[in-house]
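Residue numbers start at 1 and run along the sequence shown. Any value given below was found using the heavy atoms of this structure, including those in side chains, with hydrogens, waters and symmetry copies removed. Counting starts at 1 for both ligands and their atoms, following the listed order.
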Amino acid sequence: MISFRAEELLGDAGVTPPAFDDVLLVPAYSSLSSRLSSEIDLRTRLSSTFRLGIPIISSPMDTVTESQMALSLGGRGAMGVIHRFMTPERQVEEINSILTTSQIGGGRPPVAFAIGVGKSEKIRFDRVYSQFPESIDWVSIDVANGHSEYMLDMLRWVKNRIGNTANIMVGNVATGDGYKFLADAGADAIRVGIGGGSICKTRLMTGFGVPTLSSVIDCYRAKANHKYDAAIIADGGIRYPADFVKSLAAGADAIMAGRMFAGTIESPGEIVLVNGVRSKTYRGMASREVQEDKRGGLKPGTCAEGVSTHIPLKGKAHYILDEFSGGLRSALTYCNARNIRELRENARFIRMSQSSLDESHAFGTKI
Ligand code: IMP
């Protein structure tokens, strides 16, 4: 069977850059006897000082990550980034809650919080960071287009402030050039993906974007060719464990997801009845609804680049983590990989047709 290394998928001019549903991974000989084998290791390295037990991070969104989510994921080896659509004082309370609750339960989960760019966000950073200079693991600088002058200014400013006492995550970018730009400026981890989020309208409103899988491949090519250390976080459009596995196989060190955790017990927001189904709101941070709630409405001359929806209640976030880590464990056994590095090395992709995509879904229930 002719199959391709991830970087070959972006090879020839005229070949369409793939999205998750355009490719499959080809099973190969494996000596791993069981997905529960003690040889299998899901850990990932996100910086020289920081590792995650499971390569999954929840998005800094107001319907996804506050302290409850960060505690639940952090207690199981993953991580949540506290969103920035609240006052700095409330961010301080959320972080306090992570630190004090985890003291009761034992073991400290990672502490990560998001900021934006510009003067008011520098003030936010100082107010929050100064309260916990020794407990913050990650500062996430969170803007729509991270390949930008204003991101560079903010990244340099934060780096100057904190030195190496905490890691810096930045994004988002969609290309290897964007990755290099931020890696050169000293970012520890870079969020990769523009326009692929399930609540995102950027591609419809602007015509700009790159399939998240193709962005990851392009960034990993830049990382490998130039020997950069900055971790790649595939962000946006993860629906199934398969998308998670394909992201890691293409070069991501972790994924970030919003929808995956929206509608869980730990996600912020009231439970509402939608057509009789208990649900929670999940909304893009650039949606009209967020602008109206947080900023008094859309500014004249601007448009919403996100949407708002409802997600039926899913139960606890750890069920989702179990499902995704179970999918990853099983994936490793299909290509004789004991860890994420070996998955990346062993992975061979084929392109999929619409009929193979149809065949991939559990169609037995429909016939
Ligand atoms: P999801 O997991 O597919 O739902 O995508 C979540 C990701 O979408 C987040 O981590 C952000 O990178 C991105 N995102 C969040 N809000 C918006 C928005 O309003 N417009 C575009 N992208 C968004």
Side-chain angles (χ1 to χ4, degrees), residues 19-21 55-66 69-70 73 78-85 112-116 138 140-147 151 169-174 178 182 189-213 215-216 219 232-244 246-247 252 254-264 267-269 280-295 298 302-311 314 317 320-321 323-324:
F20 293 121
D21 279 351
I56 295 179
I57 304 169
S58 67
S59 302
M61 298 171 72
D62 73 343
T63 49
V64 180
T65 313
E66 291 179 357
M69 184 67 75
L73 300 187
M79 176 164 98
V81 181
I82 303 291
H83 71 86
R84 64 184 167 90
F85 296 82
F113 76 101
I115 56 174
W138 287 90
S140 174
I141 312 174
D142 178 32
V143 294
N145 180 11
H147 193 174
M151 170 59 91
M169 180 188 298
V170 291
N172 282 28
V173 300
L182 296 175
I190 299 172
R191 287 166 62 184
V192 171
I194 290 193
S198 64
I199 36 46
C200 176
K201 281 206 305 187
T202 299
R203 293 182 191 168
L204 288 181
M205 298 310 293
T206 70
F208 280 85
V210 174
T212 301
L213 181 69
S215 290
V216 169
C219 292
I232 294 173
I233 299 170
D235 179 18
I238 305 288
R239 301 153 303 167
Y240 312 111
D243 302 336
F244 168 44
K246 289 173 191 174
S247 299
I255 58 132
M256 177 173 272
R259 190 182 187 91
M260 214 169 121
F261 297 109
T264 56
S267 67
K280 282 189 178 180
T281 298
Y282 176 46
R283 59 190 192 176
M285 300 318 299
S287 63
R288 175 180 297 278
E289 289 76 0
V290 170
Q291 298 298 317
E292 280 169 359
D293 254 22
K294 313 275 178 187
R295 302 203 166 117
L298 278 173
T302 65
C303 65
E305 286 187 33
V307 296
S308 177
T309 185
H310 289 103
I311 308 279
K314 292 177 183 165
I320 315 283
L321 266 192
E323 194 180 30
F324 276 69

For the side-chain hydrogen bond (donor to acceptor under 3.5 Å, both in side chains) test, which of His83, Arg283, Arg84 pairs with Asp62? Arg283
I'd like to know if the side chain of [X] and the backbone of [Y] have a donor-acceptor N/O pair within less than 3.5 Å.
{"X": "Lys280", "Y": "Thr264", "value": "yes"}
{"X": "Thr206", "Y": "Thr202", "value": "yes"}
{"X": "Lys201", "Y": "Ser287", "value": "no"}

Looking only at distances, can you tell me whether any N or O atom of [X], backbone or side chain, sits closer than 3.5 Å to an N or O atom of ligand 1?
{"X": "Ala286", "result": "yes"}
{"X": "Lys201", "result": "no"}
{"X": "Gly197", "result": "no"}
{"X": "Ala257", "result": "no"}

Quick check on contacts: which atoms of ligand 1 are under 4.0 angstrom from a heavy atom of [X]?
{"X": "Asn172", "result": "12 (O)"}
{"X": "Ile199", "result": "8 (O), 14 (N), 15 (C), 16 (N), 17 (C), 23 (C)"}
{"X": "Gly237", "result": "1 (P), 3 (O)"}
{"X": "Arg259", "result": "1 (P), 2 (O), 4 (O)"}
{"X": "Glu305", "result": "18 (C), 19 (O), 20 (N), 21 (C)"}
{"X": "Ser198", "result": "1 (P), 3 (O), 4 (O), 5 (O)"}
{"X": "Met61", "result": "9 (C), 15 (C), 16 (N)"}
{"X": "Tyr282", "result": "1 (P), 4 (O), 5 (O), 6 (C)"}

Are [X] and [Y] packed together at the side-chain level, in the sense that at least one heavy-atom pair is separated by less than 4.5 angstrom?
{"X": "Tyr282", "Y": "Ile199", "result": "yes"}
{"X": "Val81", "Y": "Met256", "result": "yes"}
{"X": "Phe208", "Y": "Asn145", "result": "no"}

Given Glu289, Arg239, Met285, which one has a non-hydrogen atom that is nearest to atom 16 (N) of ligand 1?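 Considering heavy atoms of Glu289, Arg239, Met285, the nearest to atom 16 (N) of ligand 1 sits in Met285.
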Per atom 21 (C) of ligand 1, closest listed option by heavy atom (Cys200, Ser58, Ser287): Cys200
Does ligand 1 have a heavy atom under 4.0 Å from the side chain of Arg191, from its backbone, from both, or from neither? side chain
Take Asp21 and Arg239, measure what side-chain contact (heavy atoms from CB on, under 4.5 Å) needs, and give me the verdict at the end. CA-CA 11 Å; Asp21 279 351; Arg239 301 153 303 167; 2.9 Å; yes
Are there over 12 heavy-atom neighbours, none belonging to Arg203, within less than 6.0 Å of that residue's CZ?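 Atom CZ in Arg203 is packed in, count exceeds 12.
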Please determine which of Asp142, Ile57, Leu182, Ile141 meets the side chain to side chain contact (heavy atoms under 4.5 Å, CB included) test together with Met169. Ile57
Could you find the nearest protein heavy atom to atom 10 (O) of ligand 1 and give me its residue, atom name and distance?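 For atom 10 (O) of ligand 1, the nearest protein heavy atom comes out as Asp235 OD1, 2.6 Å.
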Which residue owns the protein heavy atom closest to atom 2 (O) of ligand 1, what's the atom, and how far is it? Gly258 N, 2.8 Å
For atom 13 (C) of ligand 1, is there a protein heavy atom at a distance under 4.0 Å? no
Check the pair Thr65, Ser58 against side-chain hydrogen bond (donor to acceptor under 3.5 Å, both in side chains), reporting the backbone distance first and the verdict last. CA-CA 7 Å; Thr65 313; Ser58 67; 2.7 Å; yes
